[in-house]
Amino acid sequence: MTDRLYIFDTTLRDGEQSPGASMTRDEKLRIARQLERLRVDVIEAGFAASSNGDFAAVKAIAGAIRESTICSLARANDRDIARAAEALQGAARARIHTFIATSALHMEKKLRMTPDQVYEQARQSVRFARNLCADVEFSPEDGYRSDPDFLCRVLETVIAEGATTINIPDTVGYAVPELYGAFIRDLRERIPNSDKAVWSVHCHNDLGMAVANSLAGVMIGGARQIECTVNGLGERAGNCSLEEVVMALRTRRDYFGLEVGVDTTQIVPASRMVSQTTGFVVQPNKAVVGANAFAHASGIHQDGVLKARDTYEIMRAEDVGWAANKIVLGKLSGRNAFKQRLQDLGIEMESEAEINAAFARFKDLADRKSEIFDEDIIALVGDESVTGEIEHYRLLSLSQRSETGERPHARVAFAAGSAELHAESDGNGPVDASLKAIESEVHSGAELMLYSVNAITSGSTESQGEVTVRLQHGGRVVNGVGADPDIVVASAKAYLSALNKLHSTAERVAAQG
Ligand code: KIV
Ligand code: ZN
């Protein structure tokens with residue numbers, strides 16, 4: 001048994017399945033680059049057969065990333081597997097991850113298949129995948145709630161067909177640590193060829209135990225791959241959180257005794273990028289990446305930390321990427337300083353034209369905000385004027401009037417494709433008036449499910465406001481994010497960004513379908 005533990009990141013696949021977390025191809029590519037800097041072993045880039053957009057994202061990531069293995073999910077059928085293999089063609093190292101449900105409940109109610117049919121489909125799919133790719137992972141969906149005898153039969157066969165990784169999903173987050181660990185240990189002990197595959201854990205967080213279950217799967221069960229997502233992003237209560245599981249393994253190496261290849265100083269930049277891209281805000285008291293994770297408020301703690309850091313700190317903030325001394329840029333900073341900061345933050349720009357566009361946005365922001373922090377730079381590189389990603393709706397200008405005792409009024413000009421639209425409206429407040437003005441022209445009919453504002457950098461009213469808007473329409477849920485020192489402008493940008501996502505017609509097939 002090796003002492004190396006593999007980190008399989010599924011932020012771009014299982015994380016993205018969270019309603020509203022869908023990302024564009026370019027957003028996914030940017031996050032994949034950050035995951036490569038984080039040095040995760042495997043990046044599950046998407047589910048190639050689910051939509052043309054997912055196919056394009058997996059293909060782009062496979063072509064761009066050299067260090068991590070790139071994986072695509074595929075249901076256990078030839079069409080999905082062939083599509084995954086096609087999307088992965090340019091990868092330096094590729095993996096096909098195929099799955100089929102094995103619990104009695106899922107087989108009978110969802111798949112309407114007999115166990116023998118599921119067994120046969122799993123066998124044939126792994127055989128087919130192995131003909132296309134040397135690295136094949138197999139997941140029995142709802143594995144933890146499956147009959148162990150049936151699971152042993154299926155898993156022994158798929159290993160014999162060449163599956164190189166066997167993943168045991170706790171799809172619905174039902175497991176408890178000791179039982180999950182023992183479940184995997186028993187499977188490994190009972191399956192004669194179990195040593196021919198790497199065993200993997202995949203835990204959902206419905207009972208808040210995804211990290212504990214994953215670690216038990218490793219320690220009791222002998223698994224050597226953990227599937228996880230940045231910020232624990234994922235459907236319902238999310239997946240096992242990458243930052244928590246990695247820092248547990250690192251901080252308690254004395255107990256776990258396992259090596260992980262992750263560069264932990266890239267954790268906080270990855271967390272920020274995922275949260276800024278998806279609009280899923282990180283709670284302040286979230287372990288490792290929450291704003292308060294290293295803040296000592298009580299006098300006794302502060303005094304202790306000043307005297308000897310380890311009195312109250314088990315990890316160092318800088319080891320997980322909280323910059324000890326943030327270099328602040330401003331109006332007078334030149335292009336070289338800006339370019340250097342981009343490099344330090346690990347942001348790669350593909351061309352000089354992109355750097356110039358980002359620098360122009362930076363100068364524009366610096367005119368309105370005296371100090372530019374790393375978070376501001378991360379927010380501005382996602383801007384369409386920098387990425388060159390042409391979106392259907394784009395804010396051109398906004399003016400609003402609000403005065404005590406008067407009903408606020410907003411005028412908004414925005415592009416819709418090649419047309420320029422002008423709209424105005426009253427509202428309960430300037431944000432309400434601006435969004436109503438946009439809606440009066442777009443007529444999306446979408447329901448606003450969430451509106452939230454956060455300061456990108458804390459501690460000052462000078463900070464940029466980052467607004468998340470969640471819209472629902474026709475069964476789809478999308479998040480839009482916008483940043484600006486003026487929160488009314490940030491709100492209009494966020495609303496238009498959500499409308500852009502609704503506007504993209506790509507239909508997706510649910511992975512659990
Ligand atoms: O939770 C789950 O069962 C999954 C599988 C598709 C691996 O995400
Ligand atoms: Zn999952």
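Keep in mind that this is a model prediction, so the values were computed, not measured. Hydrogens, waters and symmetry mates play no part in the numbers below; they use all other heavy atoms, side chains included. As the structure lists them, so they are numbered: ligands from 1, and atoms in each ligand from 1.
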Student: Tell me the contacting part of Asp14 for ligand 1: side chain, backbone, both, or neither, using a 4.0 Å heavy-atom threshold, strictly below.
Tutor: side chain
Student: Quick one: sort the Tyr144 and Tyr174 rings into parallel, tilted or perpendicular, breaks at 30° and 60°.
Tutor: tilted
Student: Got a sec: is Asp14 within less than 2.8 Å of the Zn ion (ligand 2) via an N/O/S atom?
Tutor: yes
Student: Inspect the contact between Asp80 and Arg83 and indicate whether a charged nitrogen and a carboxylate oxygen are less than 4.0 angstrom apart.
Tutor: no
Student: For Phe99, is the NZ or CZ atom of Arg75 found under 6.0 angstrom from the centre of its six-membered ring and inside 45 degrees of the ring axis?
Tutor: no
Student: Side chain, backbone, both or neither: which part of Glu227 has a heavy atom under 4.0 Å from ligand 1?
Tutor: neither
Student: Can you list everything that forms a side-chain hydrogen bond (donor to acceptor under 3.5 Å, both in side chains) with Asn479? Sequence neighbours excluded, please.
Tutor: Arg470
Student: Please verify whether a non-hydrogen atom of Gln17 lies at under 4.0 Å from ligand 1.
Tutor: no
Student: Do you see a donor-acceptor pair shorter than 3.5 Å between the side chains of Tyr451 and Ser491?
Tutor: yes
Student: Heavy-atom distances under 4.0 Å are what count here, so tell me which part of Arg13 touches ligand 1: side chain, backbone, both or neither.
Tutor: side chain
Student: Pick out which of Arg224, Arg93, Arg4, Arg95 makes a salt bridge (Lys or Arg N to Asp or Glu O under 4.0 Å) with Asp41.
Tutor: Arg4
Student: Find all atoms of ligand 1 within a distance of less than 4.0 Å from any non-hydrogen atom belonging to Ser139, and give their numbers and elements.
Tutor: 7 (C)
Student: Check ligand 1 against His204 and write out every atom of the ligand that is under 4.0 Å from a heavy-atom position of the residue.
Tutor: 1 (O)
Student: Run the numbers for me: atoms of ligand 1, each under 4.0 Å from some heavy atom of Pro169, listed by number.
Tutor: 2 (C), 3 (O)
Student: In ligand 1, which numbered atoms sit nearer than 4.0 Å to a non-hydrogen atom of Glu141?
Tutor: 3 (O)
Student: Which atom, counting only N, O or S, brings His204 closest to the Zn ion (ligand 2)?
Tutor: NE2
Student: Tell me which one of Thr10, Asn213, Asp14 satisfies side-chain hydrogen bond (donor to acceptor under 3.5 Å, both in side chains) with His202.
Tutor: Asp14
Student: Is the backbone N or O of Leu88 less than 3.5 Å from a side-chain atom of Lys59, with the two atoms forming a donor-acceptor pair by type?
Tutor: no
Student: Counting from 1, what ligand 1 atoms have a heavy atom of His202 closer than 4.0 Å?
Tutor: 1 (O), 2 (C), 4 (C), 8 (O)
